[in-house]
Amino acid sequence: MQIATLIEQVSAHNGWNMALAGMTIVFTCLVILALTISRIHKILDLLDNRDQLRLKMREFFVGREKEKQVASLLTPALELEAARYRRLTPFLGETFSLKKLIRFAESRGMTNPPPEKTIRQLMEVGLIKKDMRNRFTWDDSVAK
Amino acid sequence: MQIATLIEQVSAHNGWNMALAGMTIVFTCLVILALTISRIHKILDLLDNRDQLRLKMREFFVGREKEKQVASLLTPALELEAARYRRLTPFLGETFSLKKLIRFAESRGMTNPPPEKTIRQLMEVGLIKKDMRNRFTWDDSVAK
Amino acid sequence: MQIATLIEQVSAHNGWNMALAGMTIVFTCLVILALTISRIHKILDLLDNRDQLRLKMREFFVGREKEKQVASLLTPALELEAARYRRLTPFLGETFSLKKLIRFAESRGMTNPPPEKTIRQLMEVGLIKKDMRNRFTWDDSVAK
Amino acid sequence: MEDLFLQFLSNTGFALVDYRQVIMLCVGTLFIYLGIAKHYEPLLLVPIGFGVLMGNMPVMHGMGLSIYEEGSVLSYLYYGVTKGIYPPLIFMGIGAMTDFSTMLARPSLMLLGAAAQAGIFITFLGALMLGFSPGEAASIGIIGGADGPTAIFLTSKLAPKLIGPIAIAAYSYMALVPVIQPPIMKLFTTKKERLIKMREPRKVSKRERIIFPIIGLILSCLLAPAALPLLGMLFLGNLLKEATVTERLADAARNTVIDTVTILLGVTVGASTQGDIFLTKESIGIFVLGALSFAVATACGLVFAKGMNLFLKEKINPLIGAAGVSAVPDSARVVHTVAQQEDPTNYLLMHAMAPNISGVIGSAIGAGVLWSFLT
Amino acid sequence: MEDLFLQFLSNTGFALVDYRQVIMLCVGTLFIYLGIAKHYEPLLLVPIGFGVLMGNMPVMHGMGLSIYEEGSVLSYLYYGVTKGIYPPLIFMGIGAMTDFSTMLARPSLMLLGAAAQAGIFITFLGALMLGFSPGEAASIGIIGGADGPTAIFLTSKLAPKLIGPIAIAAYSYMALVPVIQPPIMKLFTTKKERLIKMREPRKVSKRERIIFPIIGLILSCLLAPAALPLLGMLFLGNLLKEATVTERLADAARNTVIDTVTILLGVTVGASTQGDIFLTKESIGIFVLGALSFAVATACGLVFAKGMNLFLKEKINPLIGAAGVSAVPDSARVVHTVAQQEDPTNYLLMHAMAPNISGVIGSAIGAGVLWSFLT
Amino acid sequence: MEDLFLQFLSNTGFALVDYRQVIMLCVGTLFIYLGIAKHYEPLLLVPIGFGVLMGNMPVMHGMGLSIYEEGSVLSYLYYGVTKGIYPPLIFMGIGAMTDFSTMLARPSLMLLGAAAQAGIFITFLGALMLGFSPGEAASIGIIGGADGPTAIFLTSKLAPKLIGPIAIAAYSYMALVPVIQPPIMKLFTTKKERLIKMREPRKVSKRERIIFPIIGLILSCLLAPAALPLLGMLFLGNLLKEATVTERLADAARNTVIDTVTILLGVTVGASTQGDIFLTKESIGIFVLGALSFAVATACGLVFAKGMNLFLKEKINPLIGAAGVSAVPDSARVVHTVAQQEDPTNYLLMHAMAPNISGVIGSAIGAGVLWSFLT
Ligand code: NA
Ligand code: NA
Ligand code: NA
C-alpha cells in the first residue's frame with residue numbers, strides 16, 4: 001500500500017482532525033483540573049483564616065460579655081467539681097455517655113452534690129457538650 | 001381555590017373513604033399482630049410445661065425400669081472411669097471428637113482398660129452422646 | 001397398567017438406549033478423568049527430575065566458571081559484611097525492602113563501608129535478589 | 001478541525017448548562033455536605049447527593065448518558081428502582097440487622113407505630129386536594145411513613161414519574177428528623193410527661209424471636225397481601241438472623257446485599273432528579289406536603305401515646321409516640337435525646353425502638369393497602 | 001366506604017385462602033423447623049421454607065405479587081432460576097470452597113462417584129414408565145444426583161414447569177440424607193466390611209491442585225460439552241482458590257456470591273411452589289421417584305464398591321460407595337457416622353470425600369448428557 | 001443405541017474440535033500460567049485465561065452453551081460487558097481503593113498523565129491507515145490508555161464485535177508492563193536523569209481529599225460529558241472512601257462489587273475469544289497496533305517529562321512520565337524498579353502514582369472524547 005493511500009484513509013474519516021482535537025481536549029481537561037486542584041488547599045486555608053479572623057473579631061466585641069455570663073454560672077465550687085469530673089476522662093474516652101460518667105462518679109464516692117445535678121450544671125455552663133450521636137464531650141474552649 | 005372545590009376533589013376520587021379505610025386497616029393489622037405476639041411466649045411456656053408434665057409422667061411409669069437397665073451396665077468401675085474421663089472436658093470443650101478424647105486419655109496414661117473399650121461402654125450406657133455433626137458430648141441426665 | 005405397556009412407554013421414547021448410553025458416558029468420562037489425574041503427579045515428578053538432571057549437567061559444564069566469577073567478586077571482606085547483614089534477617093523478615101535494610105544497618109552503626117555500597121555489591125554478586133514485587137531476599141544458592 | 005472543536009464545545013457542559021442544573025448541583029453538594037459534615041444519614045445522603053451531581057451534569061441527549069435514555073449505564077442500574085427490586089432487598093438487609101426483642105416484649109407499643117401512620121392518610125387527602133391524581137397522592141402521603149424503601153417501592157408502582165422528588169423528599173426529611181421532630185415533640189407534651197421513666201422490658205427468648213418473623217409474615221400478609229414484597233423480605237432477613245444456623249446468609253443480607261443496593265439505589269435516585277424534570281411546581285408541592293406529612297405523623301404518634309396513658313396503669317413516656325413514624329433508628333434516638341434534655345438519667349432509646357420498628361411494619365402495610373386500593 | 005372494606009376484605013388472604021395453600025404453609029413451616037431445630041441443611045431449608053410461605057400467602061392475582069406474574073419482584077429474582085444462572089454461580093462458590101486433594105490422591109475412588117449416578121438413569125426409566133415426557137423424566141432422574149443446583153439447572157432447560165417440585169424433592173432428600181442412607185448402607189454391607197480401615201491418602205502438591213481444574217475442565221467438557229456451564233464454573237472457582245494469588249476473587253466466590261445467590265435461589269424456588277401448581281398427582285410421582293432415585297443411587301455406590309474390592313489388594317470400606325451420590329458433604333458425614341457406630345476409631349470422613357465430590361462431577365456430566373440427548 | 005453413541009460422539013469435543021480452538025486453549029493456559037507462576041496481574045489473567053478455555057471448548061452450536069448464543073448462561077453474564085455496565089462498577093471499586101493524595105499534592109504531575117494519552121490518538125491514526133473503521137480505530141487506540149475497563153467500555157459502544165481481541169490485548173499488555181516498559185524507559189532517558197531524586201510531597205488534608213471527587217466530577221464532565229459513566233463512578237467510589245462516614249459503602253464497592261464483577265468480566269471476556277471469531281487478521285492487527293500504542297504512550301510520557309524539566313526549577317525524574325500510561329499500579333512500580341536499578345536509595349513509587357492515576361482520568365476523558373466524536 002502506498003503512503004499516499006494510507007494518508008488518504010485517515011483523511012477520508014476526518015482522522016487527523018479527530019486525533020489532534022482529541023489530544024488537545026484531553027490535555028486541556030487535565031490542565032484545567034490540575035490548575036483547579038492546585039487552588040483547593042489555598043482556598044481552604046483562606047476560608048479557615050477568615051473563620052479565625054471572624055472569631056477574633058467576635059471575641060473582641062462579644063467575647064467579654066459571654067465570658068462574664070459563663071463566669072457568673074461557673075462558680076469556684078463548680079469549677080472544682082468540673083476538675084474532679086474531668087479527671088475521669090481517661091477511663092471514659094474522649095466522648096462518653098452520661099450514664100457511664102454518673103456510674104464512674106458514684107463509684108468514686110463523688111455523691112455530694114449528686115452527680116446528676118453537677119452534670120446538669122456543667123452542661124448549662126457549656127463545659128460538657130452533646131454531639132449528634134447523643135454522646136458527650138468536654139468543651140475546652142469554655143474551660144479557659 | 002375554594003374549600004368546597006378542595007373537598008370536591010377528594011370526594012371525586014373516593015379519597016375520604018380510602019383514607020379512613022386505609023387507616024383502619026393499618027390499625028387493625030397492627031392490633032391483631034400485637035395481640036398475637038403477646039400470646040407467643042405464653043403458648044411457648046404452656047408447651048414447655050406440657051413437655052415437663054409428660055416427662056414427669058413418663059418418669060413415673062417408665063423411668064425406674066430404664067434406671068435399672070442403666071444401673072446394670074453402669075458398674076462402679078465404669079463410673080470411676082467415667083469420672084476420670086469427665087475430668088478431660090476442660091481440655092476438650094463441651095463437644096469433642098472421640099479421636100481427641102482417646103489421644104488425651106492415652107497421653108494421661110489411662111490405658112487400662114484401653115480407652116476405646118471404655119468409651120464404647122460409656123456410649124452404650126448413654127453417658128456419651130453423639131450429635132448430628134458427629135461430635136460427642138456428655139449426657140448429664142444419665143449421669144445422675 | 002400392564003408391564004408390557006410400561007416397557008412400551010420406555011421404548012417409545014428411546015429410553016433404554018438413552019439410559020444405557022448415558023450411564024456409559026458418565027462412567028467413561030470419570031474413568032478417563034481418573035486415569036489422567038493419576039498421571040499428573042508422575043508427569044510433574046518427571047518434569048522436576050528433568051530439571052534436576054539438566055541442572056546437574058549444567059553445573060558440570062558451566063557451574064565451575066560461574067563459581068569462579070562469583071568468587072572473584074565475593075571478596076572475604078564482602079563475605080564478612082554479608083554475614084553481618086545476614087544477621088539482620090530476623091528483624092526484617094524473609095523478604096524485605098532495601099530502605100529498611102539500610103535503616104537497620106545504620107542504626108546498628110554499620111556505616112563503614114556505607115550500607116548503600118555494600119548492598120549494591122551484594123546485589124551484583126547475587127547474594128541479594130529482587131522479586132517481581134520489588135522486594136528483596138537472600139539467595140542462599142550463591143552463599144555456599 | 002474548527003468544526004470538530006465547535007462540535008465538541010457545543011457538546012461540553014458549558015454550552016449545554018441550564019440554570020436548573022446549577023441549582024441541582026448546589027442541592028447535590030448540600031446533600032453531601034449534610035451527610036459528611038453534619039452526619040445526617042450519611043449512608044443515604046452521600047450517594048444520593050453524588051447521584052444528583054451525576055444526573056445534573058449537562059450532557060447532550062441522544063448520547064446514551066442520561067438515566068432517562070435507554071441503554072445508558074445509569075438506566076440499567078435504575079431498573080432496580082423502577083421495577084421495585086431494590087427496596088425489598090434493602091428490607092431483607094434491615095430485617096437481618098433488626099432485633100425485634102423490645103417490640104416482642106411490649107407489643108402494646110406497636111399501636112404507636114400504627115397511630116403515626118395517620119400522617120400518611122391525612123397527607124394523601126391533602127395531596128388530593130391540591131389536585132394530584134390518586135396514585136400520586138398516595139405516593140406523596142407515604143413520605144410520612146418515613147421509610148425510604150417503602151416510599152420508592154409504592155411510587156414505582158403508582159406514580160413512577162415522581163420517584164425522584166418523592167425519594168428525595170422522603171430521605172431529606174428522614175435525615176432532618178433531628179431537626180424536625182424535637183419542636184413538635186415539645187409542643188405536644190408537657191415537661192412532666194417528658195420526665196416519665198419506663199420499666200425495663202422483659203427478656204425475650206430465642207424461640208419467640210424465631211417464631212415472630214413467621215407469624216408476622218402470615219398475619220400481615222393475610223391482612224394486607226400487597227405488603228408481601230416488603231414485609232416478606234423484611235421477615236426473611238430477620239428469620240435468617242434469628243435462626244443463627246443461617247448466620248452466613250444473614251451476614252450476606254446485612255452486608256453485601258444491603259450495602260451494594262444502597263449505593264446503587266442512592267446514586268440512581270439521585271441521578272433521576274434532572275433539573276428540567278425535578279424543578280417543577282409539583283416537586284414544590286411534594287416537598288411541602290412531605291413536611292406536613294412528617295409533622296402530622298409525629299403529632300399523631302405523640303397524641304396517641306397520651307391517649308394510651310389514660311387507660312394504662314403503668315404510664316408510658318408519650319415522647320416514644322414520635323418514634324412511631326419509623327426513620328429507624330434516628331427518630332428513636334431523637335426521642336432519647338429530648339428525654340435526656342429533661343432528665344439525663346432517663347434512657348428511652350430501647351423503649352422507643354418498639355414503636356420505631358412497628359412503624360416500619362405499619363407503613364409497609366399502609367403502602368400495601370394504598371397499592372391494592374389504586375390498582 | 002363499605003364497598004372499599006368489602007373490596008379490601010375480598011382481597012385479604014382470609015377470603016382468598018385455599019386448602020392447598022394451608023397445606024403448603026405447613027410444609028414451609030416444617031422445612032424451617034427441620035432446618036433450625038434439626039440442623040438438616042439449614043442454609044437451604046430455611047430460605048426455601050420461608051419462600052414456600054411467601055409463595056403460598058393467598059394473594060389476588062393481577063396485582064403483580066405472585067412469582068408467576070410478570071413484573072412482580074419475585075418474578076425478577078426468579079429469572080436467575082428459570083434462566084439457569086444461579087446454579088452455575090453456586091457451583092463457582094462450591095468450587096472455591098472444595099479441596100479436591102483426597103480425590104487427587106486416590107483417583108480410583110472416582111469410580112464410586114460414577115457408579116452412584118446409575119440411580120439417575122434407572123429413575124429416568126421409571127419416570128418414563130409412569131408416563132412422564134422424556135424431558136420431565138430426565139429432570140426427575142437427576143434428583144438421584146443429589147445435587148440441588150444440577151437438578152434445578154437441568155429442569156430449567158428440559159421441564160421448566162417442574163422446577164418447584166423437583167427442586168423441593170432434591171433438597172428435601174438431600175436434607176434427609178442422614179435418615180435415608182443409613183438403613184440402605186446397613187442392608188447392603190456386612191459388619192465385617194463396615195469395619196475395614198483405610199490408609200491415609202498421600203499428600204497432594206499445590207501444583208497438582210492447580211493443574212486439576214484445568215485438566216478437569218478440558219477433559220470433562222470435551223467428553224460432555226453440555227456439562228460446561230456447571231463444571232466450567234466449578235473448576236473456575238476451584239482454580240481461583242488453588243492459585244492463591246487470586247485469593248480475593250475466591251473469597252468473593254465462596255462468600256459474597258454463593259451466599260447471596262443461595263438466598264435468592266432458595267426463596268424463589270420456595271415461592272414457586274404455589275399450592276395450586278405444586279399439589280398435583282405429578283408432584284407425588286416426583287417425590288416417590290425421587291426417593292427411589294436416592295435409594296438406588298446409594299445402593300449402586302455400595303454394590304460397586306463391593307465389586308471393586310474383588311479386584312483390589314488393599315480393600316476399601318464399601319460404605320464410602322454411598323457417598324458417591326454427592327449431597328456434599330452430608331453423605332460423606334453419614335458414611336463416617338455409620339462406620340463409627342461399628343468402630344469409633346475408624347475415620348472415613350476424608351476417604352468418603354473422594355467419591356462424594358466426584359459424585360458432583362458425575363451428576364453434572366449426567367445432566368449434560370441428558371440435556372444433549374433431549375435438545 | 002449405536003445411533004445415540006454416534007450422535008453423542010459427534011457432539012463431543014473430539015469430533016468438533018477446530019485447530020483454532022487448540023491454539024486458543026494454549027493461549028488460555030498461558031494466561032493462567034503467567035498469572036499464577038509469574039504474578040503478572042493474576043486477578044485479571046487467571047479469570048480471563050480460564051474464560052478463554054471455557055469459550056474454546058468445542059461445543060455444538062444450537063445447544064445454548066456458547067457465549068454468542070442467546071439464552072446461554074455465559075451470554076447472560078456477558079450482558080454486563082456488552083452493555084458497558086461492568087466497567088463503571090469496576091471504576092467505582094478502583095475509586096474506593098485509590099488514594100489521590102500524591103496527585104493532589106503535586107497537580108503539575110497530572111500533565112504527564114495527559115501526555116501519555118497521545119499514544120491513544122497516534123494509534124487511532126495508525127488503525128485508520130490499516131483500514132479499520134473509525135469506531136474500530138478508536139477502540140484499538142484506547143488500548144494505549146492501558147486501562148482495561150475503559151477499553152472494554154469504549155469498545156462496547158463503538159465496535160462491540162472487537163470486545164474480545166481488544167480486551168485481551170489491553171489486559172495482556174497491562175500484564176506485560178514490567179516487560180514492555182523498561183527498555184523504552186532506558187532508551188528515552190539518560191542515566192543522569194534516572195538518578196534524579198524528588199522531594200517528599202506535602203501532606204494533603206482530609207477536606208481536600210473529600211472535595212476533590214466533587215470538583216473532579218464537575219470539571220471533567222463539564223469538559224468531556226461522555227466520560228461521565230466511568231469518571232462519575234470512579235469519583236463516587238473515591239468520595240465514599242474519603243468521607244469515612246460512608247466506610248461500609250466504600251467497603252462494599254472495593255470488595256464485594258469489584259471482586260464479583262472482576263470474575264464475571266474476566267471469565268466472559270475470556271470466553272468471548274472463540275477461536276473462529278478471535279483468530280483473524282484483524283486480531284493480529286489489533287495486537288500489533290496495541291503494542292505500538294503502549295510503546296508510543298510510554299515514550300510520550302517520558303519525553304514530555306523531559307520537556308517539563310526544561311521549565312522546572314526543581315527537576316522531576318523523567319521516568320515517572322512512563323507511569324502516565326495508567327496500568328495502575330504496575331507501571332508506577334516499574335518506574336520505581338528501574339529507578340532503583342540505578343540507585344537503590346531512590347524511592348519513586350509515591351511520585352509515580354500521581355501521573356499513574358491521572359493517566360486513568362486522562363484515558364477515560366480520551367475515551368469520552370472519541371465516543372462523542374463518533375456517535
Ligand atoms: Na412508618
Ligand atoms: Na451426584
Ligand atoms: Na491511561
Side-chain angles (χ1 to χ4, degrees), chain B residues 1-55 93-97 129-137 141, chain D residues 100 103-115 117-118 120-135 137-138 141 202-205 207-209 211-212 215-216 218-224 227 300 358-359 361-370 372-374:
Chain B
M1 222 185 289
Q2 279 182 291
I3 289 179
T5 331
L6 294 176
I7 290 174
E8 180 70 13
Q9 276 182 333
V10 174
S11 309
H13 294 108
N14 202 15
W16 304 110
N17 289 346
M18 281 199 268
L20 195 55
M23 192 59 219
T24 315
I25 291 162
V26 169
F27 223 93
T28 316
C29 277
L30 284 175
V31 167
I32 292 177
L33 202 52
L35 284 175
T36 316
I37 288 171
S38 66
R39 295 299 126 207
I40 294 179
H41 75 277
K42 287 174 190 166
I43 293 170
L44 285 174
D45 287 353
L46 215 83
L47 285 174
D48 288 350
N49 291 336
R50 196 198 53 180
D51 280 0
Q52 271 190 348
L53 215 82
R54 198 192 286 158
L55 216 81
E94 275 311 302
T95 66
F96 46 86
S97 72
K129 285 235 165 129
K130 178 157 52 172
D131 67 4
M132 293 303 304
R133 312 247 144 239
N134 289 320
R135 310 269 303 162
F136 294 81
T137 48
S141 64
Chain D
F100 283 94
M103 199 180 89
L104 296 174
R106 283 193 84 171
S108 61
L109 298 184
M110 289 178 72
L111 298 187
L112 298 172
Q117 310 315 318
I120 295 176
F121 297 98
I122 292 171
T123 315
F124 168 64
L125 292 177
L128 282 178
M129 285 182 191
L130 292 191
F132 285 99
S133 78
R202 70 172 177 86
K203 283 260 159 66
V204 171
S205 74
R207 277 188 307 173
E208 273 181 87
R209 279 181 284 131
I211 291 171
F212 168 67
I215 299 271
I218 294 177
L219 274 185
S220 55
C221 293
L222 271 179
L223 291 159
C300 287
S358 66
I361 300 175
S363 43
I365 295 175
V369 170
L370 286 169
S372 71
F373 281 170
L374 295 166

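Letters A, B, ... mirror the listed sequences (proteins, then strands); counts begin at 1.
- Considering CD1 of D:Ile211 and CD1 of B:Ile40, their distance stands at 6.0 Å, rounded to 0.5 Å.
- Comparing D:Met110, D:Met103, D:Arg106 by how many heavy-atom pairs each has under 4.5 Å with chain B, the most go to D:Met110.
- For the atom pair CG of B:Leu30 and CG of D:Leu219, the computed distance is 11.0 Å after rounding to the nearest 0.5 Å.
- In this structure, the separation between CD1 on B:Ile37 and CD on D:Glu208 is 9.5 Å, given to the nearest 0.5 Å.
- B:Ile25 contributes atom CD1, which lies 7.5 Å from atom CZ of D:Phe121 (distance to the nearest 0.5 angstrom).
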Starting from the C-alpha separation in whole Å, work towards a yes-or-no answer on side-chain contact (heavy atoms from CB on, under 4.5 Å) for D:Leu223 and B:Thr28.
-> CA-CA 9 Å; D:Leu223 291 159; B:Thr28 316; 5.5 Å; no
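- Interface remark: D:Leu374 contributes side-chain atoms only to the contact with chain B (heavy atom separation under 4.5 Å).
- In this structure the side chain of B:Asn14 never reaches within 4.5 angstrom of the side chain of D:Phe373, judged on heavy atoms.
- Across B:Val26 and D:Gly366, no two heavy atoms sit closer than the pair CG2-CA, 3.6 Å.
- With a 4.5 Å cut-off on non-hydrogen atoms, D:Leu125 touches chain B through its backbone and its side chain both.
- Of the inter-residue distances, the one linking B:Arg39 atom CZ with D:Ile215 atom CD1 reads 13.0 Å to the nearest 0.5 angstrom.
- Remark: D:Leu222 CG to B:Ile32 CD1 distance equals 9.5 Å, nearest 0.5 Å.
- Contact annotation for D:Ala138: neither backbone nor side-chain heavy atoms come within less than 4.5 Å of a heavy atom of chain B.
- Nearest heavy-atom pair across D:Val369 and B:Gly22 is CG1-CA, 3.8 Å.
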